[in-house]
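Given the structure is predicted, the values throughout are model-derived calculations rather than measurements. Every chain is numbered from 1 and lettered A, B, ... according to where its sequence line falls, protein lines coming before strand lines.
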2 protein chains.
Amino acid sequence: MFINVNAHPGSKPKILGELGQLSRARVILSEFNYNRGTEIYGQAEPADYIYQVVDGAVRSHKLLSDGRRQIGAFHLPGDVFGLENGTEHRFTAEAIVDTTVTLMKRCSVEHVAESDATVALDLLNMTTINLQHAEDHMLLLGRKTSLERVAAFLLEMDGRLTAAGGVIALPMCRRDIADYLGLTLETVSRALSQLHGKGILGFLGQTQRQIMLLDRTRLADLDL
Amino acid sequence: MFINVNAHPGSKPKILGELGQLSRARVILSEFNYNRGTEIYGQAEPADYIYQVVDGAVRSHKLLSDGRRQIGAFHLPGDVFGLENGTEHRFTAEAIVDTTVTLMKRCSVEHVAESDATVALDLLNMTTINLQHAEDHMLLLGRKTSLERVAAFLLEMDGRLTAAGGVIALPMCRRDIADYLGLTLETVSRALSQLHGKGILGFLGQTQRQIMLLDRTRLADLDL
DNA sequence: CGAAGTATTGAGACGTCTCAAAATTAGTGG
DNA sequence: CCACTAATTTTGAGACGTCTCAATACTTCG
């Protein structure tokens, strides 16, 4: 049984991408909705499903015992997440806003992958994309200044949120951005103000998280 | 043609592990030596080979334009590195000390993986191990204090250098450790002194990098 | 033993964090 | 649609941790 991934209002063609490849391998896809703030899965829980964001946004994070949080990645429409090798999740995943995902049973995918090299290579591809992101993020977390981190973040979101004309509406709050960049929310706010003051960044209308990138070239200069 | 990976003095059984799996898939293995400080491959160079450390130690790093460096991982005997998905390397790899590696042509491995799901899953496994390490390291770089970072580093090395009784001989210098932990070498040195002062750490003999771990339990308490 | 490289230690500078208050935005019920 | 409240964001001032720069000590190697 197949559920057509594209039979979703507002979904984009590219969503068919990665999990779609797997669906051709006779694996069941189904859709699910999570309300804003809901946990999708917790760290150390058994990894029974693989997910792909259809609409909305998801954050994956790790916690230290005293509450310090590191967000490893934001998952936006089209992204595959929850791909683990062991039997349990290494992150907690939560819906940042109301979010729709497609999911498939991990065991069935793995079962197919054991005999079908194409599927196994698809999984390898998705994992490598995640690895590449993590590698770049280590450089950011280990060696970049707060301004460079925020600039890199804005450029990343500009590239992934596919909004027209350099206008991006961030789904996540300052605390999420801070925990993604290894900063405090105050420092993120100050960096944004600084970019605004330099004319690199503009804020649109009265809506909170609407940000207009005025000068991507100068932003890229900051993202060393 | 096979070169027996175990025909190496001092090599441990586990070295046969990962690349050994692939060797069974009729892929050519050969050995190579790199002198201390030598570059094995550079960032953005074509990724023609996959490597496994037989003896010695390797560091993988990224650079910012102004010279700031982030070491993403140390590769110790048994570790597979240089595994890329695209056609080029995402890190620069250098031998920290005189190092022996086995290597195999990437294209031949990939060719086999396209038809043999077992090999593809082996590659997936190795990539996932790297991903898992990167994910843990993001938490360290984003949210841990200098003392916690150094404690985590010592525990990691204690677990991987397979020396008996909590005694480890670090192959890398303070600067390497610092660039791995997102600190300066002075801060690393101060943290080590602090641990020494607390009696958690002892130094052995006159050799520079000989460190004796006295109290793994108390180290683990610091590694939140 | 001397020279070069590496590690330790100290003192002050700097960037980010903490704590606090004010401003803005979002959510809710009238 | 407005008023009210809660949540989020911005801004400020001072504290704190790590970095920078410099001097000393130690290790390695010829």
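- Taking for each of B/L192 and A/L147 the nucleotide of DNA chain C with the nearest heavy atom, the 5'-most of the two is the partner of B/L192.
- Neither OP1 nor OP2 of D/dT18 sits under 4.0 Å from any side-chain N or O of B/T187.
- Distance from the side chain of A/S146 is smallest to C/dT16 among D/dT10, C/dT9, C/dT16.
- Between B/Y180 and B/H137, the ring center distance clears the sub-6.0 Å criterion.
- Across all strands shown, A/R68 has no heavy atoms under 4.0 Å from either base or sugar-phosphate atoms.
- Between A/H196 and A/F203, the distance separating the two ring centers is shorter than 6.0 angstrom.
- Summarising the geometry, the separation between CZ on B/R175 and P on C/dT8 is reported as 14 Å, rounded to the nearest angstrom.
- Checking the phosphate oxygens (OP1, OP2) of C/dT8, a side-chain nitrogen or oxygen of B/R174 falls inside 4.0 Å.
- Here B/S193 reaches the OP1 or OP2 of C/dT9: one of its side-chain N or O atoms lies under 4.0 Å away.
- As a whole-Å value, the separation of A/Q194 CD from D/dT10 P is 13 Å.
- In this structure, B/T184 does not reach the D/dT18 phosphate: none of its side-chain N or O atoms is under 4.0 Å from OP1 or OP2.
- Ion pair B/D66/A/R143 not flagged as a salt bridge, since none of the NZ, NE, NH1 or NH2 atoms sits closer than 4.0 Å to an Asp/Glu carboxylate oxygen.
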Please determine whether ring-ring contact (aromatic ring centres under 6.0 Å, His included) holds for the pair A/Y51 and A/Y41, giving the CA-CA distance in whole Å, both sets of side-chain angles, and the decisive distance to 0.1 Å.
CA-CA 11 Å; A/Y51 304 79; A/Y41 54 77; 5.5 Å; yes
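- Residue A/D66 contributes atom CG, which lies 11 Å from atom P of C/dT18 at whole-angstrom precision.
- One interatomic measurement links the two molecules: CG of B/D179 to P of C/dA7, which rounds to 12 Å at whole-angstrom precision.
- With hydrogens and angles ignored, a donor-acceptor pair under 3.5 angstrom links the side chain of B/R190 to the base of D/dT20.
- Computed from coordinates, the A/H196 NE2 to D/dT9 C1' distance equals 14 Å when rounded to whole Å.
- In this entry the distance linking CG of A/N35 with C1' of C/dG27 reads 16 Å, nearest Å.
- A donor-acceptor pair under 3.5 Å is absent between the side-chain atoms of A/K62 and the main chain of A/I71, judged by distance alone.
- Each of B/R36 and B/R143 lies near DNA chain C, and the nucleotide nearest B/R36 is the one positioned closer to the 5' end.
- Nucleic acid contact for B/L185: base, since at least one base atom lies under 4.0 Å from a heavy atom of the residue.
- Atom CD in A/E186 sits roughly 17 Å away from atom P in D/dG14 (whole-Å rounding).
- In this structure, A/R149 atom CZ and C/dT16 atom P are separated by 8 Å, rounded to whole Å.
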